[in-house]
Amino acid sequence: MKLKGGEVDAVVIGAGFAGLYAVYRLRQMGLSHRAFEQGGGVGGTWYWNRYPGAGSDSESWVYSFTFSEELEQEWSWSCRFPGQAEILRYLEHVADRFDLRRSFDFNTRVTGAAYDEPSGLWTIKTQRDDEVRAKYLITAVGCLSAAQVPNIPGLDQFKGHWYHTGQWPHEGVDFTGKRVGVIGTGSSGIQSIPVIAKQAQHLTVFQRTPNFSVPARNATLSPERVNQIKRDIKKIREFCRWSTIGQPYDWQEAEALKVDPEERNQQFETAWQKGGFEWMFGSYRDLLFDKKANDMAADFVREKIRGVVNNPEVARKLIPTGYPIATKRLPLDTDYFETFNRDNVDLVDLRESPIEEVMATGLRTRDKSYELDAIVFATGFDALTGPLTRIDIRGRDGQKLEEKWSVGARTYLGVSTRGFPNMFMITGPGSPSVLGNMPVSIEQHVDWICECIAHLQKNGASTIEPTKDAEEKWVAHVQDLADATLFPQADSWYMGANIPGKPRVFMPYIGGFGTYRKLCADIAEKDYEGFTIT
Ligand code: NA7
C-alpha cells in the first residue's frame, strides 16, 4: 500500500462547487489537506453532465460563489440560465484564480474511508491504492452524482451506442442522421429532448411519468443588465441567503385559495411570461401545502400543454396527473412541449406499454419494437444518499454507512451522522440542498463546517459527532416538515422512489434555507448543541 499522502488535517472528496470552496477555506485556515476527485478536472456536476441542453435552472448571477467580491465583480455571465460549458468555465476560472487545483488528485476515486478509534483518524483509500489519514473527512460528493441506469434486460446486446446524461462523453455526441431514443422526462430529459430532436433524424421519447415544466425563457444579458446586477449583487445575495429556496424571490403573502380566480390567472400568466422557477416559488404560499391550491397551478400548466401540443392524443399523454405539481423536481424548459409537434419526434407512453427489453437493434416495449441507433438514459440518479453509500464508509466499530442508512438516511442537520466522528457531509441528506439554489446551500455548509473545525482546533477537541437524541429528533423533524407539505404524495427522487428497494423517506430538509441557516448558527452559538465533543 502506497503512503502517498501520509497524514493531514482534512481530506475532501469532490471538486465541484462544494469541494473547491472547502479547499479554499481549509487553506485559508492553514489546515493541511488532500482532496480527491474522480473526474479528470474540476466541476463536479458540470464536469459530468455534458448532455445537449444541460444547464442551470437558477439564474446565473446567483448560481455562483459569493465568497470573493473580486470574483463576483470580475466574472460576467452571458445569459440568464447558463449552459454546462459556461458553468464549467466559471469553475475552472475559480480553480485557477485561487490556485485550487494543486490540492486535488484528479482521476482518483475514493473507494473507502474507515474511522480508527484508537488514533481518532480516518483512513481514506483510493482506487489507485493511495492511502491517507486525516482527522476530518469532508464529503463534497454532490447530491445528484450517482448515475442510475435502469436494469433493462438485453442492454449488453445493443449494437448502437448508449449514454447516461450524467456521464456524457467529453467529445460530445453527433446524432445527425441517427434514430435516437431518450428514456426519461425529468429535468435532464426535458433539457436535452428539444436539442436532440433538432439534430437527430428521428427521436422517440420513452416517458414513464409525464412531467410538469415551466418555460425558462432564457435570454442573453445585456452589458447594462450585467452592470446593474453587479451594482446590486450584495443585496441580491443577502436576500437569497435568507429566502426559502436560496433564490432572489420568495413565497408571497397571498394564498391562491383566497384570491379571486381572475386575479390568480393573471398572476400565473404574468409569471409564466417571465419564466423560471419564480412562477412556482415566488407565487402563492399555499401551493405546496394545499392540494386545492396546487390543483389550480397544475391546471394552469395542463392548459398550457393543451394549447401548445397540436395532436390531442399526444397532449393527453404529456399531461401530468396523479401527483401535485412541483412535488417532483420542477423542470424548466426551452420548447419542450413544442418539440412534440415536430414530424421527427414520437412519444411512447410507458405506462400503457412498459419497456420489456433492449434488442441488438433498438428497444421493445410490450406492444412494439423501435429501431434505434442510440439510446439516451435520462433516468436520473441515486439522489443524496447514493454518492455517499457508493463509497465504503465505515465509522466506529466498522459500522458501514450503507447499513446504518438502510432504513433511510439518518443525520443531524444533514451535515453529520452518529457513529462517524469528524465526518462532515456538505449538503448531505437532511439539509435543504436540492430544494433550491445549490451554491447558496454549499457555501453555508462549508462555512459552518469550517467554523466548527476551527472551534474544535481552538479547544483542542479530538472528536465531534451528534448525540443519539439530536439525530433522532432531526430525522423526525425533517419528516414532520415534509409531511405537512404535498411532497410525500409523489414518487420522486426526493423520496427515494426512483431507486428500486430504496427506503421511501423524504430526504431533504424542507423548512427553508433561511430558517435552516438560522438554526445551524444557533446550534453553533450554543456550543454545538446536539453534538458530543470530546
Ligand atoms: P430525474 O428527475 O430522476 O428523471 C428521471 C426520469 O427517468 C424520470 O422521468 C423517470 O420516470 C425516468 N425513469 C427512471 N427510471 C426509468 C425506467 N426504469 N424506465 C423508464 N423511465 C425511467 O433525473 P434527471 O437527471 O432528469 O434530473 C435529476 C436532477 O438533476 C434534476 O431534478 C435537477 O435537480 C438536476 P419516473 O418519473 O421515475 O416515472
Side-chain angles (χ1 to χ4, degrees), residues 16-17 20 42-66 68-97 144 165 168 170 172 186-199 213-237 239-240 243 245-249 270-282 329-339 436-440 442:
F17 269 97
L20 288 173
V42 301
T45 290
W46 305 107
Y47 177 88
W48 297 104
N49 285 263
R50 299 177 187 233
Y51 60 84
S56 163
D57 287 341
S58 292
E59 271 90 352
S60 51
W61 54 95
V62 293
Y63 192 79
S64 41
F65 287 118
T66 71
S68 159
E69 216 170 288
E70 294 80 29
L71 170 68
E72 220 167 24
Q73 291 299 325
E74 270 164 27
W75 183 267
S76 299
W77 293 100
S78 72
C79 60
R80 181 177 177 189
F81 297 111
Q84 172 271 332
E86 189 172 358
I87 305 171
L88 184 58
R89 263 202 313 280
Y90 169 76
L91 290 171
E92 286 172 343
H93 169 73
V94 172
D96 292 335
R97 196 192 184 287
L144 294 154
T165 48
W168 203 258
H170 285 200
S187 290
S188 306
I190 283 179
Q191 285 189 335
S192 60
I193 284 164
V195 186
I196 296 174
K198 282 188 197 147
Q199 196 181 57
S213 182
V214 173
R217 306 211 193 279
N218 199 2
T220 51
L221 297 174
S222 67
E224 295 75 40
R225 178 79 177 111
V226 169
N227 287 337
Q228 184 206 346
I229 290 167
K230 285 188 183 177
R231 270 198 309 276
D232 297 344
I233 198 67
K234 274 203 164 135
K235 239 172 31 200
I236 299 173
R237 298 294 207 173
F239 186 95
C240 290
S243 69
I245 63 163
Q247 300 285 9
Y249 42 80
T270 308
W272 188 263
Q273 293 313 326
K274 204 169 159 196
F277 280 144
E278 191 173 349
W279 181 82
M280 184 80 198
F281 300 97
R329 203 292 210 156
L330 189 66
L332 300 186
D333 74 273
T334 302
D335 297 337
Y336 174 64
F337 294 111
E338 288 82 349
T339 297
N437 187 4
M438 284 300 303
V440 177
I442 287 168

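Values in this document were obtained by computation on a predicted structure and should not be read as measured data. Worth knowing before you read on, the calculation uses all heavy atoms, side chains too, and leaves out hydrogens, waters and symmetry mates.
Between Ser60 and the choices Ser76, Pro82, Cys79, the side-chain contact (heavy atoms from CB on, under 4.5 Å) rule is met once, by Pro82.
Closest heavy-atom contact between Val62 and Val440: O-CG2, 4.4 Å. Heavy-atom minimum distance, Ile190 versus Pro331: CD1-CG, 3.7 Å. Shown here for Leu88 and Gly43, the closest heavy-atom pair between the two residues is CD1-CA, 3.8 Å. The minimum heavy-atom distance linking Ala216 with Thr334 is given by the pair CB-OG1, 4.2 Å. The nearest pair of heavy atoms linking Leu20 to Ala95 is CD2-CB, 4.2 Å. Of all non-hydrogen atoms in Lys274 and Arg80, the two that sit nearest each other are O-NH1, 2.7 Å.
Taking the six-membered ring for Trp and the full ring otherwise, the centers of Phe281 and Tyr249 sit at least 6.0 Å from each other.
For Ser58, the side-chain contact (heavy atoms from CB on, under 4.5 Å) test picks out Ser56, Tyr63, Gln247, Asn437, with sequence neighbours left out.
In this structure, Asn218 contributes its side chain and Phe81 its backbone to a donor-acceptor pair below 3.5 Å. Judged by distance alone, with hydrogens and angles left aside, the side-chain atoms of Glu86 form no donor-acceptor pair with the main-chain N or O of Trp77 at under 3.5 Å. Under a 3.5 Å cut-off, the side chain of Arg50 and the backbone N or O of Gln84 do not form any donor-acceptor pair.
Arg89 forms no cation-pi arrangement with Trp75, by the criterion of a distance under 6.0 Å to the ring centre and an angle within 45° of the ring axis.
To the nearest 0.5 Å, the span separating CD1 on Ile229 from CD on Gln73 amounts to 11.0 Å. Within the model, atoms CD1 of Ile245 and CD of Glu278 stand 9.5 Å from one another, a figure rounded to the nearest 0.5 Å. Taking OG from Ser192 and CH2 from Trp168, the interatomic distance works out to 7.0 Å, rounded to the nearest 0.5 Å. Once rounded to the nearest 0.5 Å, the distance linking CD1 of Ile236 with CZ of Arg231 reads 10.5 Å. Rounding to the nearest 0.5 angstrom, the gap separating the CG atom in Leu330 from the OG atom in Ser187 is 8.0 Å. Here Lys198 contributes atom NZ and Asp335 contributes atom CG; the two are 6.0 Å apart, rounded to the nearest 0.5 Å.
Within the 4.5 Å cutoff, the side chain of Val214 has heavy atoms near those of the Trp272 side chain. Here the side chains of Arg237 and Ser64 are in contact, with some heavy-atom distance below 4.5 Å. Side-chain contact between Ile193 and Tyr336: present, with at least one pair of heavy atoms (C-beta onward) separated by less than 4.5 Å.
A salt bridge is absent between Glu72 and Lys234; no separation between the charged side-chain nitrogens and carboxylate oxygens falls under 4.0 Å. In summary, Arg329 and Asp57 engage in a salt bridge, as defined by a charged side-chain N under 4.0 Å from a carboxylate O.
In summary, the side chains of Thr220 and Arg225 do not present any donor paired with an acceptor at a separation below 3.5 Å, with no hydrogens or angles considered.
Phe17 and Tyr90 have tilted rings, their planes meeting at an angle from 30° to 60° on a 0 to 90° scale.
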### Query
Does the pair Leu144 and Thr45 meet the rule for a side chain to side chain contact (heavy atoms under 4.5 Å, CB included), with working shown?
CA-CA 8 Å; Leu144 294 154; Thr45 290; 5.7 Å; no
### Message
Please determine whether side chain to side chain contact (heavy atoms under 4.5 Å, CB included) holds for the pair Val226 and Lys230, giving the CA-CA distance in whole Å, both sets of side-chain angles, and the decisive distance to 0.1 Å.
### Response
CA-CA 6 Å; Val226 169; Lys230 285 188 183 177; 3.8 Å; yes
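More than 12 non-hydrogen atoms from other residues, nucleotides or ligands lie less than 6.0 angstrom from CD of Gln273.
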